[in-house]
Amino acid sequence: MDQIPQPASIDDIENLVESLYQPNPPAVISRIQESLQGLQKSPDGWQIADALLSRSSDNVKFFGALTFVVKLNTDTIDDDAAKLLAQKLINWLVVSLDNGAGSIVIRKLCSALVTHYIHFSHLWPHCIRDLVYCLDLNKGDILDDAKDSAPVGDIFPSLTPQKAISVAWFAAALAEEGEKIDSRSSKYIALHERLVKNSQDVATIVAISLSGSAGPRVQRDAIDALHEWMTYGERIPNDHLTANLRPLLRPTIECLVVDDIYEAAIEILTDSLNNWQTFFTKDDYELLYALFDSDWSQKHYQELIQGDFDFAAVKFGLLMIAFGDAQITELLNPSNERAQRFLAGLLGLLAAQGHLVAEDKIFVPALDFWATLIESMTDDLFSEPDQPVNWNIPPLSYLMQVVSHCWRKIQYPHISVYNAWDSTERVGFSDARKDVCDLLQTMYTLAGDSLISVFVDLTTQSLSTTAWAELEAAAFCLGSLSDCLPDNDSCDAALSKVFGSQLFDLLRQGHSVVPVRTRQTCLSLIERYSEYFVRRAEFLPAALNLLFGALNESHLAGPSAKSIYRLCSSCRAILTPEVGAFLEQYGMIRNSVPMDSLTEERVVSAIASIIQAVPEESQRLGAFQQLLMLIASDIEKAIQLKSISFMLEPNDPTVMRAFDLNQQPTQPVPGHEVALQVAVRALRCLLGAAKGLQSPSDSPINLDEDESSMAVKSSPELEQLQANIMNILAQTKTTFHDSLQVMSDINHVVRAGFSETEPGPFVFPPQMVVDLLTSPWHVAAPTAVNTAQVFLSYVHNGNHRGQMRQVIDQLLPWVISYIGMLGHPSNDPELAQFSIEFIQKAIQRCPDVLSRVQPHSNAEYIFTFAIEMLNGKEPLPKAAAADFWTSFITLKSDDEGTQGTIDGAMSQFGPILAQSLIQNIGGNAARSELDKLSDPLKKLVFQNAHARQWLEAALNDDSFPSDKVSPADRALFLKKITSLRGSRATNQVVKEFWVSCRGTGLGYTS
Amino acid sequence: MATDKQSFYELYRQSSVGAALTDALDDLIMETRIDPQLAMKILANFDRAIAEVLQNQVRARLSFKVPSPAGDAPLPPTMLGSLDTYRFCDEVWTFQLKNVTFKMDSGGQVVSADKVKIVSCTAKPTGT
């Protein structure tokens, strides 16, 4: 593409600037920008800026002013030149104002003046006064005379509105830029002191502007300037500044009633009430109370709650909320009538007309306020528990109205209305419902079980009137409180009103009677109160029948299966006599009811959890055998289908069962594809069964039990079951060896038994797991190695600790063979990471395994591989290698021979490790890796007598990656880390050295 | 409610996403594609954006229960039952809890932990 010719004259530059604003391809615009930036940074930049400001086009003038900003930020000039520059900039401002230049030019010139002030504030410390003086006399070169001028308050009223506005813009930019400058740095203390001194003049010009004599535009810009100064005052607190600004609040509040400046005034007041409440005095709050009592406020309020959600109305609501937040202490005082009256107004905001989020924009912020208020009430009540609590007077009496408003507001609209909403509105509606849940949970702490009764009553009332939206909302709220309830029967009587009502009968009647959403929420209610059904087993059959019946309906199958699982899991001990019926039911529905694989997995999991609770072993294993046979039949089918070469029709029952409902094919499908889906479904069910059979987390653990008693518990039936399961896994693995999904699921099934302490069908003997793991993995080798390292932890922590050496002896060569095939860690970072993690665990558990690795070169290869990982760029393998070395450096053995091997390896690899660490710390590593890399360094320094020598050699090696640190710096670094002797402070020293090595530019963050 | 005028904590720079951003900025500075001042501004923007996103857009919930020995008290006393240590220092609350049960929003598996440390800061760092 053509290059932009270098501009030869100011006219050329002007043309180039103008072309920047013309429609052009992005590449052309980019090149123009590059060319113009080059000019700005060139030594001629000052003259170019000056010349461009004399041109007529606003775009060109703007670019001229911008060039001054760039030059001020990049070039160094002396004080004399700087003084002349200030005069020049003010002159350009005067000229531009006289010529009627556009606001972009005036604002940019103000910005250039502010940049000048930031760099040279000592030359014109009273910048506001000086600027007003020069603008009044229409020239800039009298800047030095300004110190003898009349006070700003005398001169400012005589400025034209345009000049007054430009002063306001300058003042606003001054505070905005000042706020960004570090007030703690000694370099800028004087600047901030001068800014504070200017605040007196700022307050004067804002006060004069707010009087309104110069018109609403001046008023608006003055409020904007005040806003910036208040932000500055909030961020960099100063009593003098606060005292100067505070008198301006009252006139700002009074500006609210002026339509033209309402927006600016309400923004600043809302923002200040949110962020700087101490800025307001008692009198200011009094004035705001009076304002909220006025007719003007009532008009805005009524418009809002009657459904007017335009910008101005919503802003008014937000001001009310911000004021409420600032007055929470007063609002909690029942004897403050005015505060309670205002609180009633805030209550009304929850009941504005219009649908939540799609129309009503004030509900969510108002809800946020009420949540805060309720939290404050709770704090009050718990900090003074002896204080009498009266629920009949405000503010407590308002809380039940809050509940009522929320319940009404979260009711779903008619389906046609809901369908007309866009996705953002639907998500917003759903999020607001969750916010209501949060509020109710907060309120439960205060109101206790009475809140449950409220929603129980609303549920039963809505049931009796068949008001489905109301029923859905009541059930939703009731469900949200389930986590708050104590683990006792205090609410059972109330809940029985719901679960003993006609609710289940109605829900069974289908979507033609009860809308789907209401049924979904009510089914979830059963899941949420599953503990209730443990205590009230009489309601359990009806609930389960309802849930199993709902599996037939695609919209309800998911939530129903979830509820079935929770209910069966919680009530497993009660349901054990019915396990046969459950198995029978599952046997029927799996072929007759179309279910997604997740739904089926949950149902299987639910039944397995009941089986887990069967006390008698032979019955338990017999029941599981039945379940396993059903799953095994799917695996057999999958293996058969895998070998067929023809296509299956979409309406074939096998195809329909294989695919989830939303993935049902419409065209004939190849047999092998169906086979894979059937296999995946079967494995998911097997995984569901494995999870269901896991012991509940609250079951007792016999601490005295040892491995021998565990062995006694095992039985031929159990061993046969384990062999059957492993056979299923092995067959599936062989048949679907190229499917990543199948391999992943197999690994998950194997791991499911690792959390168990009791024998069980999925708690395989270690040798069985070893045999499966060491069989060939065509895909998913990293997953298998990861399973192996989890398996080591299981063997170490569980009942098979005695077999650890045997397990490692078989698995370690297998893992080494993988890293041998890998060549370099970067070829498969995931496999490299899991392998080194496995090896780390193996040598930690059995250090002597190192001396038994054959051939001996394999052991050497492990260390070389771990160094390569440390030198690599992949973050996770690098972290794993750092952990490996941290653990190896501290490795000890009681056996002399093993300790000799460890010492030998350390002597051989210590210098290489030191070099790798120093290369990383010297700049090769990323900042986020430094903490991890510091760990082996600390251990090395603390544990090894040769560490200093190795590190010194590495620091002085020619391959050290940075030329930004001198030999003295390196020596100092070494001295620091060795004297710290591996303490935590090493990390900071490492970070600082890394920054020095990379270059000081990287010290921008800690 | 966060506004443009509010200041934000830098603590999320230590999170995975914050660390990754810092690494990327380091690389850009090393390649002289940006200067450190711009990197500082980007990190300041990150501080604001992540605070706002976590406050306004993250809707995943996680509730936890700390059962008391009696197991039947309402929430605050229940929490006190297994609240091992708490302190409030420099506007930072620290709670150390024992035997906590977590429940995810999605209704998935319940997760138990022997010890949990909660560190929380006020949502508004300055000015109020």
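Reckoned from all heavy atoms, side chains included, excluding hydrogens, waters and symmetry mates. Per chain, numbering begins at 1; letters A, B, ... match sequence-line order.
If you tally non-hydrogen atom pairs under 4.5 Å between each of Thr22(B), Asp26(B), Ile29(B), Leu25(B) and chain A, the highest count goes to Asp26(B).
Proximity to chain A (any heavy atom under 4.5 Å) is restricted, for Asp23(B), to the side chain, taken from C-beta onward. Only the side chain of Asp438(A) comes within less than 4.5 Å of a heavy atom in chain B; its backbone stays farther off. With a 4.5 angstrom heavy-atom cutoff, Leu485(A) touches chain B only via backbone atoms.
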message: I'd like to know whether Glu929(A) forms a salt bridge (Lys or Arg N to Asp or Glu O under 4.0 Å) with Lys932(A), so could you lay out the CA-CA distance, the side-chain angles of the two residues, the decisive distance to 0.1 Å, and finally the verdict.
response: CA-CA 6 Å; Glu929(A) 294 164 348; Lys932(A) 206 68 180 167; over 6 Å; no

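In this structure, Phe369(A) has no ring pair (Phe, Tyr, Trp, His ring centres under 6.0 Å) partners at least two apart in sequence or on a different chain.
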Acceptor/donor pairs from residues 31-40 of chain B side chains to any protein atom, 3.5 angstrom cut, sequence neighbours excluded:
from, atom 1, to, atom 2, distance (Å)
Glu31(B), OE1, Arg33(B), NH1, 3.1
Asp35(B), OD1, Gln37(B), N, 3.4
Asp35(B), OD1, Leu38(B), N, 3.0

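Counting only distance, with no hydrogens or angles, the side chain of Ser480(A) and the backbone of Cys437(A) share no donor-acceptor pair below 3.5 Å.
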